[in-house]
Amino acid sequence: MDWIIHYVIDDAGPFPHLHNAHTHGLENYLHLNFQVVINFPQEHICYLLNTIAMRVKNGETFHDGDMVSELYTDCDIRLKKVRETGRDVLRLIIPDKHNRFPEDPSCMAPYKYQELNMFEE
C-alpha cells in the first residue's frame, strides 16, 4: 500500500465519541483521501479506510454524496466532502445499527454527529 492511515487519538474534537482518522497518499491516484470520525476500534477503522482505498487503487472513483456498498454486508455508507486540516477529504458517513443516517431524527449518538463540521484547521 502506498498510502497511510493517520489515526489521531488525541484529537477528540467537540464530542468524545468522535475522532479524526484519515488517509494520506490517495492524491497519487488523483483522488481525495478518506476520513472516519466514529471512534471505532483501530482495526475496524483500518479495515474501512484500507478497503475503500484499495478500491481507488483498483480504479474506482468516489464523489461527494456517493452511496458505497460492500464495506458492510447489511448497509451502505455515504460519502461527504469535508475539510480536514486544510484539505478536502471524503468522510465515510456510517448509519447506526438501525441503518439510520444523521439526518434522521431517530439516528443514535454518536452516529448522528458525523456530519458536523470538525477538524477543519
Side-chain angles (χ1 to χ4, degrees):
M1 293 180 214
D2 54 353
W3 59 85
I4 64 167
I5 294 174
H6 189 192
Y7 193 92
V8 186
I9 58 175
D10 63 344
D11 191 358
F15 299 97
H17 298 292
L18 300 178
H19 70 118
N20 183 7
H22 54 269
T23 61
H24 290 277
L26 293 178
E27 57 275 359
N28 296 331
Y29 298 94
L30 305 176
H31 200 284
L32 293 176
N33 283 281
F34 295 101
Q35 179 190 51
V36 174
V37 296
I38 294 287
N39 192 7
F40 289 134
Q42 188 171 356
E43 296 81 14
H44 190 79
I45 295 289
C46 290
Y47 159 76
L48 291 170
L49 293 175
N50 278 324
T51 300
I52 199 162
M54 284 297 293
R55 289 172 65 170
V56 168
K57 183 177 181 176
N58 291 332
E60 286 188 69
T61 303
F62 298 98
H63 303 94
D64 181 43
D66 283 354
M67 296 298 288
V68 180
S69 59
E70 300 177 10
L71 287 175
Y72 292 115
T73 58
D74 63 341
C75 68
D76 292 345
I77 61 105
R78 185 174 60 225
L79 299 176
K80 180 180 180 179
K81 186 176 175 181
V82 298
R83 295 291 288 172
E84 185 274 326
T85 61
R87 66 191 181 132
D88 290 335
V89 297
L90 292 173
R91 182 178 294 166
L92 281 67
I93 306 297
I94 302 162
D96 69 12
K97 69 180 183 178
H98 303 289
N99 287 334
R100 293 183 294 227
F101 283 95
E103 64 275 7
D104 185 323
S106 300
C107 185
M108 302 168 57
Y111 298 87
K112 67 181 174 181
Y113 303 120
Q114 293 176 91
E115 292 193 310
L116 296 177
N117 291 331
M118 58 187 94
F119 314 118
E120 289 88 4
E121 297 304 317

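A quick note: this is a predicted structure, and the numbers were derived from the prediction, not measured.
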- Candidate pair Lys80 and Asp64, rule side-chain contact (heavy atoms from CB on, under 4.5 Å), full reasoning: CA-CA 5 Å; Lys80 180 180 180 179; Asp64 181 43; 4.1 Å; yes
- Quick one: CZ on Arg87 to CD on Glu27, what's the gap to the nearest 0.5 Å? 7.0 Å
- Item | Nearest heavy atoms of Leu18 and Pro110, plus distance in Å | CD2-O, 4.0 Å
- Query: Between Tyr29 and Trp3, how do the two ring planes meet: parallel, tilted or perpendicular, split at 30° and 60°?
  - Reply: perpendicular
- Nearest 0.5 Å, what's the CZ-CG distance between Phe62 and Leu32? 12.0 Å
- hydrophobic_cluster_shared for Val56 and Leu30, side chain cutoff 4.5 Å: no
- Check whether any side-chain N or O of Asn99 sits under 3.5 Å from a backbone N or O of Pro95 as a donor-acceptor pair, and report yes or no. no
- In terms of hydrophobic clustering (I, L, V, M, F, W, Y; side-chain heavy atoms under 4.5 Å; direct or indirect links), are Met54 and Leu71 co-clustered? yes
- Query: If you round to the nearest 0.5 Å, how far is CG of Leu49 from CD1 of Ile4?
  - Reply: 11.5 Å
- His19 backbone acceptor or donor facing Asn39 side chain under 3.5 Å: no
- Task: Determine which pairs satisfy salt bridge (charged side-chain N to carboxylate O under 4.0 Å, His left out) with at least one residue from residues 89-99, sequence neighbours left out, and list them in order.
- Result: Asp96-Arg100
- Item | Heavy-atom pair with the smallest gap, counting every atom of His63 and Leu90 | C-CD2, 4.0 Å
- Query: Stepwise, does the side-chain contact (heavy atoms from CB on, under 4.5 Å) test hold for Val8 with His22?
  - Reply: CA-CA 8 Å; Val8 186; His22 54 269; 3.9 Å; yes
- Val89 and Phe34: same hydrophobic cluster, using ILVMFWY side-chain contacts below 4.5 Å? no
- Message: Over 60° means perpendicular and under 30° means parallel, so tell me whether Phe40 and Tyr111 are parallel, tilted or perpendicular.
- Response: tilted
- What is the distance from atom CD1 of Ile45 to atom CD1 of Ile5, rounded to the nearest 0.5 Å? 8.5 Å
- Note on the structure: Connected to Met108, directly or through other members, by ILVMFWY side-chain contacts below 4.5 Å are none
- Item | Within 45° cone of Phe101 ring axis and under 6.0 Å: Arg78 NZ or CZ | yes
- Is there a path from Met1 to Ile52 through hydrophobic residues (I, L, V, M, F, W, Y) whose side chains come within less than 4.5 Å of each other? yes
- Message: For a side-chain contact (heavy atoms from CB on, under 4.5 Å) check, start with the C-alpha distance between His98 and Asp104, then their side-chain angles and the critical distance, and finish with the verdict.
- Response: CA-CA 11 Å; His98 303 289; Asp104 185 323; over 6 Å; no
- Task: Just do the ring-ring contact (aromatic ring centres under 6.0 Å, His included) check on His44 and Tyr7 with the steps written out, would you?
- Result: CA-CA 12 Å; His44 190 79; Tyr7 193 92; over 10 Å; no
- Message: Is it the case that atom CD in Glu103 sees more than 12 heavy atoms from other parts of the structure closer than 6.0 Å?
- Response: yes
- Item | Cluster check Val37, Leu26: I/L/V/M/F/W/Y, side chain < 4.5 angstrom | yes
- Roughly how far, to the nearest 0.5 Å, is CD of Gln35 from CD1 of Ile93? 8.5 Å
- Item | Residue pair Lys112 / Cys107: nearest heavy atoms and the distance that separates them | CD-O, 3.5 Å
- Message: Has Thr23 got a side-chain atom pairing as donor or acceptor with Asn33's backbone, closer than 3.5 angstrom?
- Response: no
- For Thr61 and Asp66, the nearest pair of non-hydrogen atoms, with its separation, is O-OD2, 4.2 Å
- Query: Looking at Arg83 and Asp88, does any basic side-chain N land under 4.0 Å from a carboxylate oxygen?
  - Reply: yes
- Item | Within-4.5 Å side-chain heavy-atom neighbours: Ile94 and Leu48 | yes
